[in-house]
Amino acid sequence: MSLVVKKFGGTSVGSVERIKNVAKRVKEAVDKGEKVVVVSSAMSGETDRLLSLAYEISNRPDPREVDQVVSTGEQVAIGLLSIALQEIGVPAVSFTGWQVPIETDSVHTKARITHIKKERILEEIEKGKVVIVAGFQGINPKGDITTLGRGGSDTTAVALAAALNANVCEIYTDVPGVFTADPRIVEDARKIPVISYEEMMEMASLGSKVMQIRSVEFAAKYGVKIHVRSSFSYEDGTW
Ligand code: ADP
Ligand code: ASP
Ligand code: MG
């Protein structure tokens with residue numbers, strides 16, 4: 001049976017309605033017989049909001065405490081998504097980065113994943129549950145919460161896909177794929193059907209935020225297959 005990691009970005013889980021929509025999408029995959037691990041970002045705007053609270057208090061907040069604050073956005077999103085799945089009859093369980101645990105180095109606010117203990121996740125998949133993991137966060141050797149840098153949920157998803165040997169890592173976002181340029185800015189940007197890791201890394205290094213650069217480096221290193229898709233086709237049929 002195939003195992004899929006599905007990552008949903010901030011806009012995809014930006015409201016209760018959208019969270020319910022994501023749950024429906026996940027249910028479709030489960031009904032097809034797929035084993036699903038979901039990675040979620042915080043609801044859109046939430047990470048910025050949390051960061052600005054910290055910077056309202058201090059110009060130079062302690063990075064450890066910044067991580068303590070900003071990591072909470074994802075915790076809310078995964079809990080809500082788990083409730084939404086359970087509500088439509090899909091057994092689900094959510095884990096923060098430290099509950100998995102996703103181990104990282106100690107560089108607060110831009111930590112790197114060093115190892116993922118996958119036993120707990122595999123145990124829950126075996127029980128037939130959809131496992132929902134908080135993106136963007138981990139735990140350092142001291143036991144402190146770390147975050148992976150802006151856009152870091154992509155890296156969580158790719159790292160999990162590599163660790164679990166998933167068939168594919170699906171990145172659901174607010175555009176229907178990778179384009180020749182940012183489709184929100186360049187009107188005649190074209191969708192690229194297939195892109196190499198190298199080209200994607202170049203695009204990410206030039207500032208395209210469709211995927212965090214570290215996630216592409218990770219995918220190249222472990223040969224993780226990635227599909228970038230819109231999470232909204234289901235909702236309005238326009239893409
Ligand atoms: P998410 O919250 O789902 O992680 P992001 O905002 O981080 O989404 O990334 C998606 C955004 O990346 C799109 O809304 C788009 O404006 C932007 N983007 C920039 N360059 C590209 C590109 N070449 N192809 C697709 N999207 C791009
Ligand atoms: N929530 C984090 C951010 O806004 C991580 C992510 O969305 O990938 O940067
Ligand atoms: Mg992103």
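Below, all heavy atoms of this structure are taken into account, side chains as well, without hydrogens, waters or symmetry copies. Start at 1 with the first residue, then count along the sequence. Just so you know, ligand 1 is whichever comes first in the structure, and atom 1 is the first atom listed for that ligand. Just so it is clear, the model here is predicted, and its values are computed rather than measured.
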Strictly under 4.0 Å, does any heavy atom of [X] approach an atom of ligand 1?
| X | value |
| --- | --- |
| S12 | no |
| S153 | no |
| K7 | yes |

Starting from [atom], which protein heavy atom do you reach first, and at what distance in Å?
| atom | answer |
| --- | --- |
| atom 3 (O) of ligand 1 | T173 OG1, 2.7 Å |
| atom 13 (C) of ligand 1 | D174 OD1, 3.4 Å |
| atom 4 (O) of ligand 2 | R150 NH2, 2.9 Å |
| atom 6 (C) of ligand 2 | S153 OG, 3.3 Å |
| atom 2 (O) of ligand 1 | G10 N, 3.2 Å |
| atom 23 (N) of ligand 1 | F179 O, 2.9 Å |

Requested in this report: Examine the side chains of S215 and Q212 and answer whether a donor and an acceptor come within less than 3.5 Å of each other.
Outcome: no
Query - Pair T114-T104, side-chain donor/acceptor within less than 3.5 Å - result: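 Not at all, the side chains of T114 and T104 share no donor-acceptor pair under 3.5 Å.
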Does [X] come within less than 4.0 Å of [Y], counting only side-chain N to carboxylate O?
| X | Y | answer |
| --- | --- | --- |
| D67 | K110 | no |
| E46 | R49 | yes |
| D154 | R214 | no |
| R112 | D105 | no |

**Report entry** Polar contact flag for F136 and ligand 2 (N/O pairs, less than 3.5 Å)
**Finding:** no
Query raised in the report: Is the closest N or O pair between T47 and ligand 2 shorter than 3.5 Å?
Result: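 Among all N and O atoms of T47, at least one is under 3.5 Å from an N or O of ligand 2.
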Query raised in the report: Does any N/O atom on R184 come nearer than 3.5 Å to any N/O atom on ligand 1?
Result: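 There is such a contact, yes.
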Query - Selected option - heavy-atom contact closest to atom 18 (N) of ligand 1, from D182, I185, D154 - result: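 Answer by nearest heavy atom: D182.
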Query raised in the report: Heavy-atom distance to atom 6 (O) of ligand 1: which of M203, K209, Q212 wins?
Result: K209
**Report entry** Over all atoms of both residues, closest heavy-atom pair of T156 and A134
**Finding:**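 Closest pair (atom of T156, atom of A134, distance): CG2-O, 3.8 Å.
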Report task. Work out whether the distance between some heavy atom of G151 and some atom of ligand 2 is less than 4.0 Å. Result ->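 For ligand 2, residue contact (heavy atoms, under 4.0 Å) with G151 is present.
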Requested in this report: May I ask whether G152 places a heavy atom under 4.0 Å from ligand 2?
Outcome: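 So G152 counts as touching ligand 2.
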**Report entry** Atoms of ligand 2 close to S41 [distance to a heavy atom under 4.0 angstrom, numbered from 1]
**Finding:**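 Those qualifying, in numeric order: 6 (C), 7 (O), 8 (O).
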Query - Numbered atoms of ligand 1 (with element) below 4.0 Å of V178, judged on heavy atoms - result: 24 (N)
Query raised in the report: What part of E74, side chain from CB on, backbone N/CA/C/O, both or neither, has a heavy atom under 4.0 Å from ligand 2?
Result: side chain
